[in-house]
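Heads up, the thing below is written out as structure tokens.
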Amino acid sequence: SGVRSFEAVEPHERYTDGSKWRFLEHKGPVMAAPYEPLPSNVRFSYDGKSMKLSLGAEEVATFFAKMLDHEYTTKEIFQKNFFNDWRKEMTSEERAKITDLKKCNFNEMAEYFKAQSEARKAMTKEDKLKIKAENERLLQEYGFCIMDNHKERIANFRIEPPGLFRGRGDHPKMGMLKRRIRPEDIIINCSKDSKHPKPPPGTKWKEVRHDNKVTWLVSWTENIQGSIKYIMLNPSSRIKGEKDWQKYETARNLKKCVERLRHQYREDWKSKEMKIRQRAVALYFIDKLALRAGNEKEEGESADTVGCCSLRVEHINLHAEKDGQEFVVEFDFLGKDSIRYYNKVPVEKRVFKNLQLFMENKQPEDDLFDRLNTSILNKHLQELMDGLTAKVFRTYNASITLQQQLKELTNPDENLPAKILSYNRANRAVAILCNHQRAAPKTFEKSMQNLQAKIDAKKDQLAEAKRDLKGAKADLKVRRDEKSKKALESKKKAVERVEEQLMKLEVQATDREENKQIALGTSKLNYLDPRISVAWCKKWGIPIEKIYNKTQREKFAWAIDMADEDFEF
DNA sequence: CTAGAGACTTAGCACAACTCGT
DNA sequence: ACGAGTTGTGCTAAGTCTCTAG
């Protein structure tokens, strides 16, 4: 099943009728483990008196108890949403009695779960092995499907277990109960002529359908936002790989016409139509700053975040002059996942003047681009180039930046670790462009200190090695024999070795420091044409394992097969 | 054009698994 | 062999974009 062939030049739709497969067979999802009631000695108490909860109410209470040491359980919205949903699961007697969250004591439950997790850590090796074996069995049975002629890995074959919803950022629905998914909620998708997955004994699927226009195997509707969740294939699968390839080919098509498009939107800055000016300025931001498109969101349904088209007046500040630069736009807004975007960018005068115009007579909470949305923008883009949408600019600019940076930063004379540092720096330039941030690792300070200690130790070692070398030189001068000559050689070698080790550590420290709050993974996985990296590795004799781990090599198998050292994005 | 459903990609984080020095 | 620190993986939320109906 590992052998795949791709057309060498252009990715194509496998079928011309829009269907995604002919044959699809799988075992269905793994359901969430059923609720295990608490032992009777673990009690919940209300208003100082212990009280036995009904099974349903107890389960939801344990969700809260498990989260007690997270800061967000102290938030008012979280508590309100939780309590509201919890009460719905109570019996009418419980509901009558439990009316104030502050009077609830979950401590025994919390202690119990802490003890459980300790016990799990302290399990014997055999028991851990047993669990591992069971997981492996589950993976083998449910983790694969047959699509057309290939056995393919499934990405997420487990149904999401129930729990309390925790959105990102300031989410109005945090703390709500994410309910348990039953077989009756689940839609199965497979081919008619396949062996259909069986629902658990005594249950039924909501539906079994045979829709080969879609790629998912299982779906259900989630109760927090009412959106549909899917079980789909792993990125290593044919269907995902071809799609990925296609994405990068579209971005390469953009490369061919991007100068034309840039010229066009610069012209449009002068248009007499407000709508066209807004479109042109937004597109400039998307191109220059790799902003996301910015669809409209329903207010109050999720955290207040924006992208380009949904920017509001309050998200930018205009400075005719700032820090010695003219026409500076200061961006400050929350983007996807409530990650802050903060940037001060000098722009062309004409853009600046347009922004002033767009902001005239508006309140801070008004839309900056009031005549624009993603649908208008994408319709325009579609006319400029086949398959062009706003997000293609992100892919294009990310990939072209990597290629440029690699060209600029790679020094042919440097050794392997130095070259890899260059790669990471090129990758980092992209991550910064795309604003891929992470919380600094909790162990960051300590880990830097450790590394510094290692470096210091290595420096001492080097000084010592150099002293030895000097001694050997002096020896040779005096003795002039073969033995001293050999000794000198070996001391020289030793110095070189330690020098190299020291450099490696210093490179590592630099890399880590620069990476403190930057996440490289997202761009590597989603924005960088893997053929650029494969070509770079081949050109400089870098083993691909230094750049891509096993999972990544599987995902990018198509590119590793395809690209040679002169691949140009 | 608007709203909503649906399908699919992109995202950061928690924790499990592994690695390396002692 | 062990534990601390690092890396990899699973999870699932949060985006983008298309399509359809009114």
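Numbers restart at 1 for each chain; the letters A, B, ... are given by sequence-line order, proteins then strands.
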*So what does A:A155 hit on the nucleic acid, given a heavy-atom distance under 4.0 Å: a base, only sugar-phosphate, or nothing?*
nothing
* What does A:E222 touch in the nucleic acid at a heavy-atom separation under 4.0 angstrom: a base, only the sugar-phosphate, or nothing? -> nothing
Between CG of A:D170 and P of C:dA13 the distance, given in whole Å, is 17 Å
Would you call A:K297 and A:E301 a salt bridge, taking side-chain N to carboxylate O under 4.0 Å as the test?
-> no
Please classify the nucleic acid contact of A:A303 as base, sugar-phosphate, or nothing, using heavy-atom distances under 4.0 Å. nothing
Closest of B:dG6, B:dT10, B:dT9 to the A:M232 side chain is B:dT9
#### Entry: A:R531 NZ/CZ over A:F569 ring centroid, <6.0 Å and within 45° of normal
no
- Item | Contact under 4.0 Å: A:R166 side-chain N or O vs B:dG12 OP1/OP2 | no
For A:G521, answer base if it contacts any base atom (sugar-phosphate contacts may also be present), sugar-phosphate if it contacts only those atoms, and nothing otherwise; contact means non-hydrogen atoms under 4.0 Å. nothing
query: Have A:N515 and A:N424 got a donor and an acceptor in their side chains that come within less than 3.5 Å?
result: no
Here the distance between atom C1' of C:dG8 and atom NZ of A:K555, to the nearest Å, is 15 Å
For this session: Please check the phosphate of C:dC11 (OP1 and OP2 only) for any side-chain N or O of A:N156 closer than 4.0 Å.
Result: no
Between C:dG15 and A:T305, is there an OP1 or OP2 to side-chain N/O distance shorter than 4.0 Å?
yes
Between NZ of A:K213 and P of C:dT18 the distance, given in whole Å, is 19 Å
On DNA chain B, more 5' by nearest nucleotide between A:G226 and A:K379 is A:K379
* Asked: Reckon A:P235 touches a base, only the sugar-phosphate, or nothing at all at heavy-atom distances under 4.0 Å?
  -> nothing
Testing B:dC13, B:dT9, B:dC8 for proximity to the side chain of A:Y230, the answer is B:dC8
Exercise for the section: Using a cut-off of strictly less than 4.0 Å, decide whether A:K178 has a side-chain nitrogen or oxygen near OP1 or OP2 of C:dA13. Expected result: yes
Walking DNA chain C from its 5' end, the first of A:R158 and A:G167 to be reached, judged by nearest nucleotide, is A:R158
With the side chain defined as heavy atoms from C-beta on, A:R438 is closest, among C:dT12, B:dC8, B:dC13, to B:dC13
Rounded to whole Å, the CG-C1' distance (A:L388 to C:dT18) equals 15 Å
Closest of B:dG12, B:dC8, B:dA11 to the A:A519 side chain is B:dG12
Of B:dG12, B:dC8, C:dT9, the nucleotide closest to the side chain of A:H436 is B:dG12
*How would you label the contact of A:R120 with the nucleic acid (heavy atoms, under 4.0 Å): base, sugar-phosphate, or nothing?*
nothing
On DNA chain C, more 5' by nearest nucleotide between A:S338 and A:Q552 is A:Q552
Requested in this report: Would you classify A:S302 as touching base, sugar-phosphate or nothing, given that sugar-phosphate means primed atoms plus P, OP1 and OP2, and contacts are heavy atoms under 4.0 Å?
Outcome: nothing
So, are A:D185 and A:R180 salt-bridged, with charged N and O less than 4.0 Å apart?
no
With the side chain defined as heavy atoms from C-beta on, A:K391 is closest, among B:dC18, C:dT16, B:dC8, to C:dT16
Q. Can you find a side chain N or O atom of A:T389 that sits less than 4.0 Å from OP1 or OP2 on C:dC17?
A. yes
| field | Any A:H171 side-chain N or O less than 4.0 Å from OP1/OP2 of C:dA13 | value | no
- [ ] Verify, without hydrogens or angle tests, whether A:N223 (side chain) and A:K178 (backbone) share a donor-acceptor contact under 3.5 angstrom.
- [x] no
Checking A:Y527 against A:R394: is there a side-chain donor and acceptor pair closer than 3.5 Å? yes
When rounded to whole Å, the CD to P distance for the pair A:Q437 and B:dG12 reads 8 Å
Verify the contact: side-chain N or O of A:Q225 to OP1 or OP2 of C:dA13, cut-off strictly under 4.0 Å; return yes or no. no
Among the nucleotides C:dT9, B:dG12, C:dA13, whichever has the atom closest to the side chain of A:K229 is C:dA13
Of C:dA13, C:dG8, C:dC11, the nucleotide closest to the side chain of A:F165 is C:dA13
ask   = Counting only side-chain N and O atoms of A:N295, is one of them less than 4.0 Å from OP1 or OP2 of C:dT16?
value = yes
- Query: OP1 or OP2 of C:dA14 sitting under 4.0 Å from any side-chain N/O of A:K297?
  - Reply: no
When rounded to whole Å, the CG to P distance for the pair A:N435 and C:dG15 reads 13 Å
When rounded to whole Å, the CZ to C1' distance for the pair A:R553 and C:dG8 reads 12 Å
message: Using a heavy-atom cut-off of 4.0 Å across all strands, would you classify A:K524 as base, sugar-phosphate, or nothing?
response: nothing
Of the listed C:dG8, B:dA7, C:dT12, the closest approach to the A:W216 side chain comes from B:dA7
Inset, instruction - State whether a side-chain donor-acceptor pair under 3.5 Å links A:D244 with A:Q246. - result: no
Practice problem: Give one of base, sugar-phosphate or nothing for A:T215, where a contact means two heavy atoms less than 4.0 Å apart. | Solution: sugar-phosphate
Review point. Is the cationic atom of A:K151 (NZ for Lys, CZ for Arg) positioned less than 6.0 Å from the six-membered ring centroid of A:F144 and within 45 degrees of its normal?
Key: yes
Counting just side-chain N and O atoms, does A:Y527 come under 4.0 Å of either OP1 or OP2 of B:dA11?
yes
Does B:dC8 have its OP1 or OP2 closer than 4.0 Å to a side-chain nitrogen or oxygen of A:K20? yes
- prompt: Do A:K247 and B:dT9 have a side chain to base donor-acceptor pair shorter than 3.5 Å?
  reply: no
Result for 5'-nearest mapping on DNA chain B, choosing between A:H70 and A:T395, is A:T395
Between A:N427 and A:S523, do the side chains contain a donor N or O and an acceptor N or O under 3.5 Å apart?
yes
Between OH of A:Y548 and C1' of C:dT9 the distance, given in whole Å, is 18 Å
Determine the contact category for A:K243: base if any of its heavy atoms lies under 4.0 Å from a base atom, sugar-phosphate if only primed atoms, P, OP1 or OP2 are that close, otherwise nothing. sugar-phosphate
Is there a side-chain polar atom (N or O) of A:T522 under 4.0 Å from OP1 or OP2 of B:dG12? yes
**Report entry** C:dC17 phosphate, OP1 or OP2, under 4.0 Å from A:R292 side-chain N/O
**Finding:** no
